[in-house]
Participant: 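Below you'll find the structure I mean.
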Amino acid sequence: AQRVTQPEKLLSVFKGAPVELKCNYSYSGSPELFWYVQYSRQRLQLLLRHISRESIKGFTADLNKGETSFHLKKPFAQEEDSAMYYCAPQGAGANSKLTFGKGITLSVRP
Amino acid sequence: KAGVTQTPRYLIKTRGQQVTLSCSPISGHRSVSWYQQTPGQGLQFLFEYFSETQRNKGNFPGRFSGRQFSNSRSEMNVSTLELGDSALYLCASSLIGAAGLNYGYTFGSGTRLTVV
């Protein structure tokens, strides 16, 4: 069965501190991996996708296929990073549903 | 370009009624998915449509159904509403590239359904 685990519900850090949001997945095949973010009073939006190897708003995500993890990292958190973050693997073709983790609330204090 | 549009934004229905929610995807996006979001269960997948065909279905009862039209617009229907169906229903569309590569979903603002 497809499963996504985000082990923490809340992460609270001070501005400027490093951030690591953890995600582990159990998925058949080789899923594409995404992180989505929801800021207060805004719609859910794509933050980054593994295939693009991109850095968005200073965030990067490292895929470890051996550990089936896709942790989201940022070296220096900003107050505007406070939001709900969801890890989401997605299969292809007939297995293409996007499965969300329970999400983690990141709170960055001044 | 216009984003994903969902209508209506808010809806109040009584138990036993049925409801239809609408979603207009981004132009050119042929994949449309629906999710139910609640505080307790988070984001749960309902179904996905691609080129008018249901490609995936989540673990929801048959009271939940959907369809997609030739212009990629999609509707979902919930019949015989129950109190537990109260939730935010999200629609998302995606551009599917060559070899089925998914570029990520763009979400609508959702329809807030309250069943009383």
Side-chain angles (χ1 to χ4, degrees), chain A residues 1-10 21 23 25 27-54 56-57 59 61 70 72 83-105, chain B residues 2-6 9 23-26 29-51 53-60 64 66 68 87-112:
Chain A
Q2 298 153 354
R3 190 180 307 141
V4 184
T5 303
Q6 293 182 251
E8 299 155 324
K9 288 188 175 181
L10 171 67
L21 306 182
C23 172
Y25 63 93
Y27 217 90
S28 58
S30 297
E32 182 50 64
L33 291 151
F34 300 89
W35 276 94
Y36 285 80
V37 61
Q38 190 164 29
Y39 300 102
S40 179
R41 301 178 194 273
Q42 294 187 27
R43 61 181 70 185
L44 189 61
Q45 58 186 281
L46 176 67
L47 178 62
L48 60 77
R49 51 192 173 223
H50 171 254
I51 195 169
S52 301
R53 303 289 195 273
E54 57 202 348
I56 303 294
K57 299 183 180 181
F59 284 97
F70 188 54
L72 184 69
M84 187 80 162
Y85 291 80
Y86 295 93
C87 176
Q90 181 171 20
N95 193 32
S96 61
K97 75 174 187 179
L98 187 66
T99 303
F100 284 93
K102 292 291 188 185
I104 179 171
T105 299
Chain B
V4 177
T5 303
Q6 291 188 247
R9 290 293 305 276
C23 172
S24 293
I26 290 174
H29 285 193
R30 292 159 60 196
S31 172
V32 174
S33 291
W34 289 87
Y35 288 83
Q36 182 193 67
Q37 187 176 29
T38 58
Q41 298 298 318
L43 286 153
Q44 292 190 288
F45 173 77
L46 281 156
F47 23 67
E48 183 212 1
Y49 288 88
F50 181 75
S51 295
T53 301
Q54 187 181 85
R55 191 159 67 165
N56 279 288
K57 190 176 189 305
N59 297 321
F60 279 80
F64 291 80
Q68 186 181 32
L88 180 67
Y89 289 87
L90 295 173
C91 169
S93 72
S94 177
L95 180 67
I96 306 295
L101 186 64
N102 193 303
Y103 289 91
Y105 279 104
T106 301
F107 281 82
S109 295
T111 294
R112 173 76 60 185

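These numbers were taken from a predicted model, which means no experiment stands behind them. Only heavy atoms go into these numbers, but all of them, side chains included; no hydrogens, no water, no symmetry mates.
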Participant: Between Y105(B) and F34(A), is a ring pair (Phe, Tyr, Trp, His ring centres under 6.0 Å) present by the stated rule, with each step listed?
Facilitator: CA-CA 10 Å; Y105(B) 279 104; F34(A) 300 89; 7.8 Å; no

Participant: Please look at F50(B) and chain A and tell me whether the side chain, the backbone, both or neither of the residue comes under 4.5 angstrom of a heavy atom of that chain.
Facilitator: neither

Participant: Who passes side-chain contact (heavy atoms from CB on, under 4.5 Å) against A61(A), sequence neighbours left out?
Facilitator: W35(A), L48(A), F70(A), L72(A)

Participant: So which of Q45(A), K102(A), R43(A) has the biggest tally of heavy-atom pairs under 4.5 Å with chain B?
Facilitator: R43(A)

Participant: Hey, can you pull the donor-acceptor pairs under 3.5 Å for the side chains in residues 36-45 of chain B, sequence neighbours left out?
Facilitator:
{"from": "Q36(B)", "atom 1": "NE2", "to": "Y89(B)", "atom 2": "OH", "distance (Å)": "3.0"}
{"from": "Q37(B)", "atom 1": "NE2", "to": "Y86(A)", "atom 2": "OH", "distance (Å)": "3.3"}
{"from": "T38(B)", "atom 1": "OG1", "to": "Q41(B)", "atom 2": "N", "distance (Å)": "3.2"}

Participant: For S109(B), which atoms come within 4.5 Å of any heavy atom of chain A: side chain, backbone, both, or neither?
Facilitator: both

Participant: Tell me which of these, G58(B), G108(B), S94(B), A92(B), has more heavy-atom pairs under 4.5 Å with chain A than the rest.
Facilitator: G108(B)

Participant: Report the distance from atom OH of Y35(B) to atom NZ of K97(A), rounding to the nearest 0.5 Å.
Facilitator: 8.5 Å

